[in-house]
Amino acid sequence: MLMPKKIKYRKVQRGTRKGRSKGARDVMFGEYGLQALEPVWLTAAQIEAMRVTISRRLKKVGKMFLRVFPDKPVSKKPAETRMGKGKGNVEFWVSVVKRDRIVCEISGLSEVEAKEVLKQAQYKLPMKTKIVKRETGLMQNREVTPEVSNVVMHEKQ
């Protein structure tokens with residue numbers, strides 16, 4: 001099971017899952033990826049099940065990139081326990097996945113094979129996902145416009 005070796009605090013608060021993912025919204029390492037369409041906590045067991053499924057289907061031909069890691073501890077109190085007496089013990093680890101986050105990527109396969117592998121991985125996840133393809137010229141969309149560069153030049157003078 002995936003879990004961090006060392007953390008700053010043993011128990012953390014629940015936090016929020018609303019909103020879009022801050023990063024990891026584009027396919028960066030592979031050619032095809034799985035993008036989350038709804039927010040969810042992915043447990044270490046679910047991530048491992050997805051990883052095993054993808055690695056079995058790749059069979060040393062392609063390459064897999066996991067973009068999530070379970071770094072949040074979730075605590076639970078034992079069943080039939082009265083209120084009070086502090087927070088419960090850590091039961092499992094989760095990764096907070098928000099909308100539009102790329103969960104995993106693969107490369108080295110044809111489009112038909114890649115979609116089939118990712119479709120098998122979708123069955124292991126507790127959320128709606130879609131298969132996305134890497135955009136060619138990803139960084140070309142983020143050029144500086146002429147108006148912005150003129151403003152910067154006037155400020156320097």
Side-chain angles (χ1 to χ4, degrees), residues 1-81 87-145:
M1 253 349 116
L2 290 172
M3 71 169 49
K5 290 179 184 164
K6 184 178 170 184
I7 55 171
K8 191 168 184 180
Y9 298 108
R10 194 164 51 104
K11 299 173 184 176
V12 298
Q13 294 181 345
R14 292 178 69 84
T16 182
R17 286 179 280 184
K18 64 184 180 185
R20 291 177 68 198
S21 178
K22 186 175 169 223
R25 285 196 231 158
D26 300 320
V27 178
M28 299 296 276
F29 303 105
E31 298 163 10
Y32 301 94
L34 270 182
Q35 187 174 39
L37 296 178
E38 57 189 11
V40 73
W41 276 354
L42 266 186
T43 65
Q46 291 163 343
I47 295 170
E48 181 67 13
M50 176 185 65
R51 186 194 66 78
V52 167
T53 302
I54 293 173
S55 63
R56 280 191 182 149
R57 298 289 300 235
L58 288 180
K59 294 185 181 171
K60 298 183 183 177
V61 176
K63 193 162 182 183
M64 172 183 52
F65 305 93
L66 284 178
R67 301 282 306 268
V68 291
F69 184 80
D71 55 354
K72 181 185 183 104
V74 176
S75 62
K76 270 189 173 178
K77 301 235 352 157
E80 299 179 12
T81 306
K87 193 169 172 142
N89 295 324
V90 173
E91 292 291 318
F92 55 95
W93 293 81
V94 297
S95 173
V96 180
V97 176
K98 294 188 176 186
R99 252 183 334 115
D100 298 338
R101 182 177 178 98
I102 301 293
V103 178
C104 70
E105 300 177 18
I106 58 172
S107 65
L109 297 174
S110 68
E111 187 169 357
V112 176
E113 292 170 331
K115 285 187 177 179
E116 186 61 36
V117 170
L118 291 175
K119 191 171 186 116
Q120 292 298 317
Q122 281 179 326
Y123 294 134
K124 303 293 180 186
L125 299 176
M127 63 184 164
K128 292 179 186 171
T129 58
K130 71 176 179 181
I131 299 170
V132 291
K133 189 176 178 180
R134 183 181 198 152
E135 297 174 11
T136 56
L138 194 62
M139 290 298 171
Q140 292 174 357
N141 296 338
R142 299 184 179 142
E143 293 178 5
V144 177
T145 59

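Every value quoted in this text rests on a predicted model; they were computed, and no experiment measured them.
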Legend entry - Presence of salt bridge, E116 and K119, under 4.0 angstrom: no
Legend entry - Which residues share a salt bridge (charged side-chain N to carboxylate O under 4.0 Å, His left out) with R25, sequence neighbours left out: none
Inset, instruction - Kindly write out the residues that satisfy salt bridge (charged side-chain N to carboxylate O under 4.0 Å, His left out) with E111, not counting sequence neighbours, or none if the list is empty. - result: K115, K133
Are [X] and [Y] close enough that some pair of their side-chain heavy atoms sits under 4.5 Å apart?
{"X": "V61", "Y": "E113", "result": "no"}
{"X": "T129", "Y": "L37", "result": "no"}
{"X": "I102", "Y": "M28", "result": "no"}

Legend entry - ring-ring contact (aromatic ring centres under 6.0 Å, His included) contacts touching residues 16-70 (sequence neighbours left out): F29-F65
Inset, instruction - Name all residues meeting the side-chain hydrogen bond (donor to acceptor under 3.5 Å, both in side chains) criterion together with E31; count only those two or more places apart in sequence or in a different chain, and write none if there are none. - result: none
Inset, instruction - Can you sort out the partners of E91 under side-chain hydrogen bond (donor to acceptor under 3.5 Å, both in side chains), two or more places apart, ordered by chain and number? - result: none
Inset, instruction - Examine the side chains of T53 and Q120 and answer whether a donor and an acceptor come within less than 3.5 Å of each other. - result: no
Legend entry - Greater than 12 external heavy atoms within 6.0 Å of K124's NZ: no
Can you give the donor-acceptor pairs under 3.5 Å from side chains of residues 6-19 to other protein atoms, not counting sequence neighbours?
residue: K11; atom: NZ; partner: K87; partner atom: O; Å: 3.3
residue: K11; atom: NZ; partner: G88; partner atom: O; Å: 3.2
residue: T16; atom: OG1; partner: K18; partner atom: N; Å: 3.4

